[in-house]
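Working notes, beginning with the structure itself.
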Amino acid sequence: MSQDLCFKTAAELSHLLKDKAVSAVEVTTAFIERTERLDPQVKAFLNTDAANALAQAKASDERRANGGALGPLDGVPVALKDNTAVIGQSMTSGSKILKDYISPYDGTCTQKLKAAGMVLWGRANLDEFAMGSSTENSAFFPTNNPWDLKASPGGSSGGSAAAVAASFAPLAIGSDTGGSIRQPASFCGIVGVKPTYGRVSRYGLASLASSLDQLGPLGYTVEDAAMLLQVMAGHDERDSTSLNVAVPDYVGALQANIKGKRIGIAQDYLGEGLADNVRAAFEKAVQFYKAAGCELVDISLPHTALAVPVYYIILAAEASSNLARYDGVRYTHRSAEVSDAIDLFAKSRAEGFGPEVKRRIILGTYVLNSGYYDAYYLRAQKVRTLIRRDFALAFKQVDAILTPTAPTVAFKQGAKVNDPLAMYLNDIYTIPTNLAGICGVSFNGGFSADGMPMGLQLLGDVLAESTIFNLTHAFEKAHPEANKRPTLA
Ligand code: GLN
């Protein structure tokens, strides 16, 4: 029984809890036991606190017994990426520089999860400050892909995706700046959502690049992800970029008929570098949507090739500024032997940051340097506008755009970690979404010959989450094998 609970979706657990067929303590205990038994192989979590999770579950059961359940996800566990603030918990952001930091406050997303009665379970591993695509840049250890323990789970939310794929938690929170929710979801065979910029408050998320960052949900099914986004989304005065727009009923929109919906196909996303098996999965999905009565429309996103270089200028510029706060003076690691203030900053940062973070800080300060500002940063912003315009034009013609999530299935650990450029190019299909501020869902499009999941992506216009949930839910309903789980023993 307890193992079975771990293989239920969040929606199923919600029903069981509502019917009082199980208690939140039973559910939470099942996930704790499975995590304790199997996470030594997967290494999804940096930190867990079973006693704390059980106390939350007990409180949920008491509420329900008194007729005061807080919503459909009351008593359902959720894992959090370790770059989100939970009062009294770690928030390492995958970095040595924040190794001993304990958050003194709850971020807005955390507050919303708590207000929904969810059981916060496990702090998931990530690439340092969310810089990476494999979780190998974590200062602590890499996470393993539950489908092949020698492969990467993707990144930077690799711990969140692996935790869900390994059934250590039914749901997880990740952050996506250039693909960090969708690419790990793709590599781990689950669903991951990058919401529209401003849909979810960033208050309490360790900033990487503030004009690109979004928190989002990961789960086994589109319905589960929609349920979690329902809780997370909404306006927040503490994040000035948060949108003051009502949150629609995402779950209610899942069942709508998809007949007549227009789906865009861009050859710009199907060129060199796309693996044959992923291309075949993509073609199958195209056939599915055609057969379901959707209209497939050729569109053009001509500035796609510029997205990766432009992203690495804008991201590095914003990151170098955001990470200036980790100075050895306030809440971070402080070097033990220093001669003066400058030495304190320099040594604390040299000891606390890993190589990828240093690379990007140096790149960022370089492109913001007054002599180069116009040549790099300003130009990159102009190209960003062109990319945004590509999508705006496309969404005049179509309701959604279908693409692969990543060019290949999960690569082996070590395969790209010493070649930053190869790693950067892995995000070619996810990065433009963040530059344009639109939304996207990665869902499992099937399995390769050797059993690895192949993620596909459906992009939607600003605030069109309901449309892409509806379309991907329809695919999932017709492909139950997409929800298969890996075997871990
Ligand atoms: N892999 C990309 C990068 O390294 C995206 C990271 C992210 O979305 N946080 O920047």
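Hydrogens, waters and symmetry mates play no part in the numbers below; they use all other heavy atoms, side chains included. Numbering starts at 1 and runs along the sequence shown. Atoms within each ligand, like the ligands themselves, are counted from 1 in listed order.
Looking at atom 1 (N) of ligand 1, its nearest protein heavy atom turns out to be D427 OD2, 2.6 Å. The closest protein non-hydrogen atom to atom 7 (C) of ligand 1 is S180 OG, 2.4 Å.
Taking a cut-off of under 4.0 Å to the non-hydrogen atoms of Y311, the atoms of ligand 1 that pass are 2 (C), 3 (C), 5 (C), 6 (C), 10 (O). Atoms of ligand 1 lying under 4.0 Å from any heavy atom of G179, numbered from 1 in the order shown and given with element: 8 (O). Residue Y312 approaches ligand 1 through these ligand atoms, each under 4.0 Å from one of its heavy atoms: 2 (C), 3 (C), 4 (O), 10 (O). Remark: ligand 1 atoms within the under-4.0 Å shell around heavy atoms of S156 are 9 (N). Counting atoms of ligand 1 from 1 in the listed order, those under 4.0 Å from a heavy atom of L208 are 9 (N). Below 4.0 Å from some heavy atom of A130 lie the following atoms of ligand 1, by number and element: 6 (C), 7 (C), 9 (N). Near M131, meaning under 4.0 Å from one of its heavy atoms, ligand 1 places the atoms 4 (O).
Between F447 and W147, the distance from one ring center to the other falls under 6.0 angstrom. For Y372 and Y377, the distance between ring centers is not under 6.0 angstrom.
Every N/O-N/O distance between D176 and ligand 1 stays at or above 3.5 Å. Considering backbone and side-chain atoms alike, G132 places an N or O below 3.5 Å from some N or O of ligand 1. An N or O contact shorter than 3.5 Å links G178 to ligand 1 by distance. Between S133 and ligand 1, a contact under 3.5 Å exists for at least one N or O pair. Considering both main-chain and side-chain atoms, K81 never comes within under 3.5 Å of ligand 1 through any nitrogen or oxygen pair. The shortest N/O to N/O separation between L315 and ligand 1 does not fall below 3.5 Å.
Residue-level proximity to ligand 1 for T177 is carried by backbone and side chain together, each with a heavy atom below 4.0 angstrom.
Applying the ring pair (Phe, Tyr, Trp, His ring centres under 6.0 Å) test to pairs two or more places apart or on separate chains, those with a residue in residues 404-433 are F187-F411, Y269-Y429, Y312-Y424.
K358 forms no cation-pi arrangement with F353, by the criterion of a distance under 6.0 Å to the ring centre and an angle within 45° of the ring axis.
Contact check on K194 versus D176 returns no salt bridge, with no Lys/Arg side-chain nitrogen under 4.0 Å from an Asp/Glu carboxylate oxygen. Salt-bridge check for K114 with D106: passed, with a basic side-chain N closer than 4.0 Å to an acidic carboxylate O.
Checking each of F469, F443, F282 against F475 for a ring-ring contact (aromatic ring centres under 6.0 Å, His included) leaves exactly one that passes, namely F443.
Within the structure, ligand 1 lacks Q214 among the residues with a heavy atom less than 4.0 angstrom away.
A heavy-atom distance below 4.5 Å is found between the side chains of T35 and W121. Put simply, the side chain of V191 does not reach to within 4.5 Å of the side chain of L218, judged on heavy atoms.
Side-chain N or O atoms of D213 include one that pairs as donor or acceptor with a backbone N or O of L208 at under 3.5 Å.
Shown here for G132 and D127, the closest heavy-atom pair between the two residues is C-OD2, 3.1 Å.
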